[in-house]
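Any value given below was found using the heavy atoms of this structure, including those in side chains, with hydrogens, waters and symmetry copies removed. Keep in mind it's a predicted model, so treat the numbers as computed, not measured.
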Amino acid sequence: MAVPPIGASLGAAWTSVRSALPDSCLNSQPDEQLHFAKFGRKPNDTELSTLQNNGAEGNFQRVDSIGGDDESCGGGGEFGSSRHKISEWQAGWNVTNAIQGMFVVSLPYAVLHGGYWAITAMIGVAYICCYTGKILVDCLYVTNEEGQLVRVRDTYVSIAEECFGRRVGARIVNTAQMIELLMTCILYVVLCGDLMVGTFPDGAIDTRSWMMICGILLLPCSFLKNLHHVSTLSFWCTMAHVVINVMIMGYCLLQAATWGWSEVSLRINIFTFPISLGIIVFSYTSQIFLPALEGNMSDPSKFHCMLNWSHIAAAVFKSLFGYVGFLTWHAETEEVITNNLPTQGFKGVVNFILVAKALLSYPLPYYAALDLLERAFFKGRPDTTFPRMWSLDGELKVWGLALRVALVVFTVVMAISIPHFAILMGFIGSFTGTMLSFIWPCYFHLKLKGPTLDWGTVAYDCFVIFLGVLFGVIGIYYSFRALVKEFQIGLPF
């Protein structure tokens with residue numbers, strides 16, 4: 001029997017996949033028109049669907065953000081210069097890295113405490129976060145007298161400055177973003193230590209020592225220069241994610257005969273479900289990166305399509321992974337699902353791949369945190385107190401490299417002091433996650449676009465703000481209670 005060439009088979013398969021994707025994700029012609037969602041604008045507004053992706057023609061313009069510096073010129077956003085453009089696929093790898101990161105290993109634990117309500121939340125929160133991501137990017141643009149879209153803001157902070165005032169807005173949002181990003185980095189290191197000690201439970205190296213070893217492996221992140229390099233690491237992180245999914249889901253499917261269908265609850269435990277909800281919200285937080293990703297895309301018209309598909313894929317996978325994982329181990333589900341794997345060898349292989357995935361996930365939030373610090377303190381006098389980290393030839397100064405290394409060391413030291421991965425993730429998700437993903441994007445949308453929105457969009461924005469406040473207050477309270485209870489046994493020193 002003749003076997004067709006593998007190249008031809010792969011080409012035919014790729015053609016089939018391309019035919020199933022939306023045209024807006026595939027058309028990359030230079031004269032491609034930009035289609036911007038109206039997000040509830042009134043019918044008599046300018047549709048703005050005929051803007052050419054060519055600034056030279058004057059139809060689509062990018063200008064510096066208010067108070068922006070030279071590095072952000074051209075719509076680069078919060079990190080990454082516009083000189084280093086990325087494709088929609090690279091942007092998708094970064095979003096996937098953010099919303100399908102290491103936190104999926106705690107989703108079965110979320111179903112343990114939330115039952116079918118947790119599964120519903122995984123789908124609902126994905127829809128809300130996709131919506132708020134779009135309206136946040138929409139707030140970067142204004143319409144001029146000629147009916148043209150002009151990008152007058154580049155960052156989440158610049159939007160907050162417009163709505164809250166330059167001084168207060170920058171401080172509030174910068175603080176929330178730094179907390180979110182640094183806690184994400186810390187949690188990656190915590191997870192690495194937990195996974196390695198689970199792989200070698202009787203070894204001579206304890207959890208804190210494994211965290212230090214992983215911290216050494218993360219030191220090269222100090223040399224990252226642009227978003228293109230981060231996107232490459234995010235791609236390999238996604239590949240590791242696929243391998244892990246196949247291995248764990250494959251094992252769960254083999255155990256289908258023992259699934260505990262009746263174990264999934266329809267009731268909500270008020271003391272534990274808010275923690276689950278915080279974990280879910282935290283796992284979908286990508287709004288911090290979206291202005292920069294959209295600003296660095298070579299074709300911004302594909303941003304909405306990229307965001308839709310990345311969140312659809314995340315919602316489908318997370319709900320299935322959480323549900324199937326809980327059905328397999330039901331009441332014995334651990335905070336990190338790999339600790340439930342049956343044999344030490346199988347667990348070791350999976351944990352090693354997960355550690356590699358965590359190390360590859362670390363650069364994205366770390367790089368974003370670095371850029372926030374540089375913009376706040378190291379733009380050079382007289383804009384900031386300290387001089388620039390970069391020399392005129394584009395190379396990093398020695399003291400700047402030392403500060404970057406110090407940031408890696410700081411996250412490792414903090415990780416050593418934080419033993420409870422899932423509960424802390426729920427606490428942070430309930431705090432900064434709801435503010436950055438739910439409340440602020442909708443508030444900014446109402447503040448900046450309010451006169452052009454119809455009543456349905458205004459009502460939906462208000463509803464999302466209400467949900468964000470509700471989830472945040474309840475989640476913070478019960479997650480803090482759980483943390484206090486856990487810390488009563490003392491830190492693992």
Inspect the contact between Lys134 and Glu294 and indicate whether a charged nitrogen and a carboxylate oxygen are less than 4.0 angstrom apart. no
Would you find a donor on one side and an acceptor on the other, under 3.5 Å apart, between the side chain of [X] and the backbone of [Y]?
X: Asn340; Y: Glu332; answer: yes
X: Trp259; Y: Cys252; answer: yes
X: Tyr156; Y: Asn174; answer: no
X: Glu88; Y: Phe303; answer: no
X: Thr132; Y: Ser437; answer: yes

Within the 4.5 Å heavy-atom criterion, are [X] and [Y] side-chain neighbours or not?
X: Leu307; Y: Leu290; result: yes
X: Leu467; Y: Val464; result: no
X: Ile213; Y: Ile205; result: yes
X: Val243; Y: Lys357; result: no

Ring geometry between Tyr109 and His113 (parallel below 30°, tilted from 30 to 60°, perpendicular above 60°): perpendicular
Any side-chain donor-acceptor pair under 3.5 Å between Asn308 and His304? no
Side-chain donor-acceptor contact under 3.5 Å, Tyr362 with Thr411: yes
Passing candidate, salt bridge (Lys or Arg N to Asp or Glu O under 4.0 Å) with Glu374, options Arg404, Arg388, Lys397: Arg404
[atom1] ([X]) with more than 12 external heavy atoms under 6.0 Å:
X: Phe346; atom1: CZ; value: yes
X: Trp117; atom1: CH2; value: no
X: Tyr127; atom1: OH; value: no
X: Trp399; atom1: CH2; value: yes

Does NZ or CZ of Lys318 come closer than 6.0 Å to the centre of the six-membered ring of Tyr284, within 45° of the ring's axis? yes
Does the ring center of Tyr443 lie less than 6.0 Å from the ring center of Phe164? yes
